[in-house]
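Structure, as structure tokens:
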Amino acid sequence: MLEKNPNSLVLSVVSHGHLHLVQSLLDDLARECAGTVTRVVLTLNIPEEEPSRPQQGWPFVLQIRRNVCPLGFGANHNQALFGATESFVAVVNPDIRLKDGDSFRSLVSIARAQGACAYPVQLDVNGLLQNFEREIPTPISLLKRRLLGLKETYTDWVNAACLVMPLSVWKALNGFDQAYFMYCEDVDFCLRARLAGYPLVRAETVVEHAAQRASSRSWRHLYWHIRSLVRLWASSAFWRARHLLQEGRVGKSRIGRQ
């Protein structure tokens, strides 16, 4: 029996007709992460062409799955990572670009050393810092941010645009809660991770994230976003985490610091 590679890493990427973004991401991974990424599971959530294979072939195993019917964010990633045997798993958006070499090497290193969910610094296409580190979203905090423009101070959760963790952490948390659809899966996941004792740790490696923010442009996405927020606010994980974070029994990290 072959010994398991202690550094093996599988990435789950979901495309919603984003072939050009997926192609760029895969090209980045092939160029920068040949020694780190073991396997990529690409889920095509709607019908579209497959990415072009480089002349020399992919330096990792590329598995392409086509959905008969579109699934939500959490269901797609849970399906892709079901039965994974690699030591580490990663959830990666197709609009991520690698701007700092092999970012996944340092993410895996942090995830291994701290038994953590590791994430990179995210910049937008203009090189400006994204708001990827966020406070727990209460109705009052959302109103303050939306209406008053107040900035968030603490990192209670991070978006799942690029998140790496040991397979054991993913399994312990049973992946994403599939009852959410496209929004708040990452909030719920991060809160459950912290309640279970798995920290969120920022790496100083940098990626570019061209966030879509569809809920600000589409009534359908806004509806999904509001529905997910209502579900989050009704969950036990939200109330337990909110209480513990406020009481300081789960360590609060200031945004931009460890």
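These values consider heavy atoms only, across backbone and side chains, with no hydrogens, waters or symmetry-generated copies.
Scanning for ring-ring contact (aromatic ring centres under 6.0 Å, His included) contacts around Phe73 gives His77, Phe176, with sequence neighbours left out. For Phe181, the ring-ring contact (aromatic ring centres under 6.0 Å, His included) criterion is met by Trp224, not counting sequence neighbours.
Shortest non-hydrogen contact noted between Ser228 and Tyr180 is O-CE2, 3.4 Å. Taking every heavy atom of both residues into account, Asn93 and Ala160 meet most closely at OD1-O, 3.9 Å. The minimum heavy-atom distance between Ala237 and Arg192, with the atom names listed, is CB-CG, 3.9 Å. Between Ile110 and Arg202, the closest heavy-atom pair is CD1-O, 4.2 Å. Heavy atoms only, all atoms of each residue included: Cys33 and Asp102 are closest at SG-OD1, 3.1 Å. Pairing each heavy atom of Leu29 with each of Phe104, the nearest pair is CD2-CE1, 3.6 Å.
Between the side chain of Arg39 and the backbone N or O of Ser8 there is no donor-acceptor pair closer than 3.5 Å. Panel note: side chain Trp157, backbone Phe189; no donor-acceptor pair is recorded below 3.5 Å. Asn45 places a side-chain N or O within 3.5 Å of a backbone atom of Leu71 that can act as its donor or acceptor partner. No donor-acceptor pair closer than 3.5 Å links the side chain of Gln63 to the backbone N or O of Val41. In this structure a side-chain-to-backbone donor-acceptor pair under 3.5 Å is missing from Arg242 to Ile136. Of the possible polar contacts, one joining the Arg66 side chain to the Glu48 backbone as a donor-acceptor pair under 3.5 Å is found. Put simply, the side chain of Ser12 never gets that close to the backbone of Asn78: no donor and acceptor are under 3.5 Å apart. A distance-only check finds a donor-acceptor pair linking the side chain of Thr38 to the backbone of Leu9 [under 3.5 Å]. One N or O on the side chain of Ser235 and one on the backbone of Leu232 form a donor-acceptor pair closer than 3.5 Å. Between the Glu86 side chain and the Leu167 main chain, no donor and acceptor come within less than 3.5 Å of each other.
Atom CZ of Phe238 sits about 11.5 Å away from atom CG of Asp188, to the nearest 0.5 Å. For the atom pair CG of Asp156 and CD of Glu135, the computed distance is 6.0 Å after rounding to the nearest 0.5 Å. One distance of note links SG of Cys190 with CG of Leu195; it measures 11.0 Å at 0.5 Å rounding. Atoms CG and CD, on Leu25 and Gln23 in that order, are 10.0 Å from each other to the nearest 0.5 Å. The CD1 atom of Ile96 lies 12.5 Å from the OG atom of Ser24; values are rounded to the nearest 0.5 Å. Separating the CD atom in Glu50 from the CD1 atom in Ile64 is a distance of 3.5 Å, to the nearest 0.5 Å.
Grouping the Ile, Leu, Val, Met, Phe, Trp and Tyr side chains by contacts below 4.5 angstrom, directly or via other members, places Leu163 with Leu129. Linking Ile, Leu, Val, Met, Phe, Trp and Tyr whenever their side-chain heavy atoms come within less than 4.5 Å puts Trp239 and Leu191 in one cluster. Residues Leu42 and Val91 are members of separate hydrophobic clusters, defined by side-chain heavy-atom contacts under 4.5 angstrom among Ile, Leu, Val, Met, Phe, Trp and Tyr.
When side chains are defined from C-beta on, Val10 does not count as touching Trp170, because their heavy atoms never get closer than 4.5 Å. At a threshold of 4.5 Å between non-hydrogen side-chain atoms, the residues Asn67 and Leu44 do not count as touching. Residues Val164 and Val108 meet the side-chain proximity criterion, which asks for heavy atoms closer than 4.5 Å. Here the side chains of Leu19 and Pro51 are in contact, with some heavy-atom distance below 4.5 Å. Val89 places a side-chain heavy atom less than 4.5 Å from the side chain of Met165. A 4.5 Å side-chain heavy-atom check between Asn5 and Ser87 finds every atom pair outside the cut-off. The side-chain heavy atoms of Cys117 and Val158, taken from C-beta on, include no pair separated by under 4.5 Å. A 4.5 Å side-chain heavy-atom check between Leu200 and Glu133 finds every atom pair outside the cut-off.
Below 30°, between 30° and 60°, or above 60°: for Trp58 and Phe60 the angle between ring planes is below 30°, a parallel geometry.
Between Asp27 and Arg31 no salt bridge is recorded (no basic side-chain N to carboxylate O distance below 4.0 Å). Under the 4.0 Å criterion applied to side-chain N and carboxylate O atoms, Arg231 and Asp177 are assigned as salt-bridge partners.
Thr43 and Gln79 are not linked by any side-chain donor-acceptor pair at a separation below 3.5 angstrom, with hydrogens and angles left out of the test. Using modelled atom types and a 3.5 Å distance limit, the side chains of Ser103 and Thr205 yield a donor-acceptor pair. Of the N and O atoms on the side chains of Asn159 and Gln122, at least one donor lies less than 3.5 Å from an acceptor on the other residue. Side chains of Arg112 and Asn7: a donor on one and an acceptor on the other come within 3.5 Å.
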### Task
Could you please spell out the steps behind the side chain to side chain contact (heavy atoms under 4.5 Å, CB included) verdict for Val207 and Phe132?
CA-CA 11 Å; Val207 300; Phe132 57 98; over 6 Å; no
- Query: Can you list the steps and then say if Arg194 with Leu244 is a side chain to side chain contact (heavy atoms under 4.5 Å, CB included)?
  - Reply: CA-CA 10 Å; Arg194 299 190 68 177; Leu244 292 175; over 6 Å; no
Handout entry: Working for side chain to side chain contact (heavy atoms under 4.5 Å, CB included), residues Leu229 and Cys184
Key = CA-CA 7 Å; Leu229 280 169; Cys184 294; 3.7 Å; yes
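For Leu128, the CG atom counts as densely surrounded, since its 6.0 Å shell holds more than 12 non-hydrogen atoms of other residues, nucleotides or ligands.
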